[in-house]
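Below, each value reflects all heavy atoms present in this structure, side chains not excepted, and no hydrogens, waters or symmetry copies.
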Amino acid sequence: MGSLFRQIRAAIALNILSIPQRLWLSVATVGSIALAVGVLMAFLSLAEGFRNMLQGTGSDTVAILLRDGATVEINSGISRDQVRLVEAAPGLAVDAAGDPLLSGEVYVTVDAKKRNSGASANLSLRGVTPAALQVRDGVRVVDGRMVAPGSNELIVGRRVSDQFVGFDLGRELVLGNSVWRVVGIFAAEGVFESEVWADLDTVRNLFNRGSGVQSVRARFTGADGLAALQAYVEAEPRLNLDVQTEAEFYADQSSGTVTLISYFGWPLAICLAIGALAGAINAMNSSVESRARETATLRAIGFRGVPAFFGVMVEALFLAFLGGLLATLCGYLVFNVAGWSVSTLGEGFTQVVFDFTLTPAVALTGLVAALVIGLLGGLAPAVRAARLPILQLGAR
Amino acid sequence: MTDPIMRLEGVCKGYRRGGEEIQIFDRLTIDIETGAFISIMGPSGSGKTTLLNLLGGLDKPDDGRIVFDGQEIQGWGESRLAKWRAANVGFIFQFYNLMPSMSAARNVELPLLLTNYSAKERRRRVATALEVVGLSDRARHRPRELSGGQQQRVGIARAIVADPRLLLADEPTGDLDRQSADEILSILSLLNRDLNKTVVMVTHDPQAASRARQELHLDKGRFTDAQVAAQ
Ligand SMILES: Nc1ncnc2c1ncn2[C@@H]1O[C@H](COP(=O)(O)OP(=O)(O)O)[C@@H](O)[C@H]1O
Ligand SMILES: [Mg+2]
């Protein structure tokens, strides 16, 4: 037993120490594995970042009301009378004046130019009431002020200000057919930072939206508040509305897109992985061939075939591990340190900006994927090494 | 005469190549006496390497018996043969067959990994083997930092480190200049004379062959020497 262990250790050392003799092939193997794993990790990070952003968005203590069957705000419509009925609902939190904390909002898309590419993209413009800030968690004005009722003023999310042309504090710009003035910048967790807000009535007028809204957000009191609100809406025949917490609403939205990202990411990563696998098999076969005489010599000395198998397997896993490590390191530097962010299409095809995040779980998945490539790539060559004929001792 | 350490008895061996059967040995019989130093000369393709492979248990006869120390080994399985080789046979190769990534000492240690000696005992034996071949001061060198003659001396140290009784050398001086060859042959003589190793050496070089105590000639799978024919 001790002897077999020592044989295996020596065979592993011989494989690993001989890597410099096949330096470029080994580097190419490590590189191709890193590429496949890197792409996989990028997609997983993307999905993770998107999920983080949307899950960071919702509040647990705010209800969002949409028309029955509408899954996004842009498909929803709620009449002025219905809003009045909701205002009278039980379970709602109230402000100092005793009015319910409730904000009916409309949602339109406008064109804007991106700073880096100059390309035009859709932005969401939200018409809000002054209560908008009170029915959201984590949204705060970081510069300037909130828009005044009835004005042509804008308050813009920080990411919009960073990434789109013209949305600077104090600037005037044209949205739709009218001129607006940016009076504030707000910070928020999640999607809201990719939005531009203006006064509800102004948006309804300038975009011909009539007197209704698309969504109502309302803060409810404690755990029974939501149940009371839901029961009230259920029992009121004139309210054909869905009531859910804002957190649930955004979590639902994220799952679809995350699934989509994963569906694109995995096949692409698997294609690259197959390429990396072919490269790994090739590299390991060449390792076995170039070391055939060494292996035969060990067998003549009295070594068994099994150590040669382990030698090749460990070399393959070692190269694969280096590939995985390289991908993780690059991913970490690019996503987490350099802080890459991307824009993607969010609700209603508007631009949503969010960060890639390389989480430990994603890194681990990448490393495991790399090791699987190494395992599969090493197997056949390793078996071959163990079965190599002994009679190749004389060849130069 | 002492008992033979090895005996081939009626050994037949052939290879198929492209559907054609080449018979190398047809009922070959030869005794290798314990303590012998035999050189085998013969034209290329006469079966010298094949003979060493049969003696060393690397190849199997089609027919006949191969007896080592009273035991028939021709029917043994791979792993039993491997164990037997590790304990009883040392190989010396024309191109040394050292591991290029390992130091001389690590190369010499390889056969000891198959034993149960402690690391300390292994170090001691490696040092002794290197001393026997006069390379104590090169223990840490890699093969490519050594001359051909020095590499072959490492090869010999590796062959003797586990203290086998039989040394099989296939053209051990075939790739060396005259002076290095003479040094190698002196070491083989010393191993035979002072350490009682039985040595079977294949060579092309008559001068090398003459250093052995018994010179045999192989031609078309048969020994042409009277003393073998008599066996
Ligand atoms: N593994 C093998 N397969 C087929 N033919 C072989 C094999 N090994 C040796 N031979 C043939 O057997 C004959 C004897 O070979 P060998 O013992 O290597 O001769 P020598 O060492 O005397 O030059 C040669 O004709 C050689 O081509
Ligand atoms: Mg030969």
Asker: Determine the sole option in A:Leu17, A:Ile16, A:Asn15, A:Ile19 for which the side chain to side chain contact (heavy atoms under 4.5 Å, CB included) test with B:Ser101 is passed.
Answerer: A:Leu17
Asker: Counting only non-hydrogen atoms closer than 4.5 Å, does B:Pro164 touch chain A with its backbone (N, CA, C, O), its side chain (CB onward), both, or neither?
Answerer: neither
Asker: Got a sec: does the CZ of B:Arg211 have more than 12 other heavy atoms crowding it under 6.0 Å?
Answerer: yes
Asker: Taking the side chain as every heavy atom from C-beta outward, state whether B:Leu98 and A:Glu294 have any pair of such atoms under 4.5 Å apart.
Answerer: no
Asker: Which heavy atom of B:Phe91 sits nearest a heavy atom of A:Ala300, and at what distance?
Answerer: CE1-O, 3.5 Å
Asker: Which one, B:Met102, B:Lys83, B:Met99, B:Arg158, leads in non-hydrogen pairs under 4.5 Å with chain A?
Answerer: B:Met99
Asker: Return the CZ to OG1 distance between B:Phe95 and A:Thr297, rounded to the nearest 0.5 Å.
Answerer: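 Nearest 0.5 Å value for the CZ-OG1 distance: 12.5 Å.
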Asker: Nearest 0.5 Å, what's the CZ-CG distance between A:Arg6 and B:Asn116?
Answerer: 6.0 Å
Asker: What residue pairs, at least two apart or across chains, pass side chain to side chain donor-acceptor pair (under 3.5 Å) with a residue in residues 365-387 of chain A?
Answerer: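 For residues 365-387 of chain A: A:Asn285-A:Arg384, A:Glu289-A:Arg384.
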Asker: Which atoms of B:Arg122 are under 4.5 Å from chain A, going by heavy atoms: the side chain, the backbone, both sets, or neither?
Answerer: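 Contact with chain A is through the side chain of B:Arg122 alone.
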Asker: Working to the nearest 0.5 angstrom, can you tell me the gap between B:Leu113 CG and A:Ile8 CD1?
Answerer: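 One finds 12.0 Å between CG of B:Leu113 and CD1 of A:Ile8.
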Asker: Drop me the distance from A:Leu14's CG to B:Leu110's CG, to the nearest 0.5 angstrom.
Answerer: 6.5 Å
Asker: Could you tell me whether B:Glu78 and A:Arg299 make a salt bridge, using a distance below 4.0 angstrom between a side-chain N and a carboxylate O?
Answerer: yes
Asker: Rounded to the nearest 0.5 Å, how far does CG of B:Leu58 lie from CG of A:Leu391?
Answerer: 6.0 Å
Asker: So which of B:Ala86, B:Ala82, B:Gly56 has the biggest tally of heavy-atom pairs under 4.5 Å with chain A?
Answerer: B:Ala82
Asker: Is it the case that over 12 heavy atoms from other parts of the model lie below 6.0 angstrom from the CZ atom of A:Phe310?
Answerer: no
Asker: Under the side chain to side chain contact (heavy atoms under 4.5 Å, CB included) rule, collect the residues that match up with B:Pro43, sequence neighbours excluded.
Answerer: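 With sequence neighbours excluded, B:Pro43 shows a side chain to side chain contact (heavy atoms under 4.5 Å, CB included) to B:Ser46, B:Asp219, given in chain and number order.
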Asker: Would a distance-only check, ignoring hydrogens and angles, find a side-chain to backbone donor-acceptor pair under 3.5 Å from B:Arg85 to A:Ile301?
Answerer: no
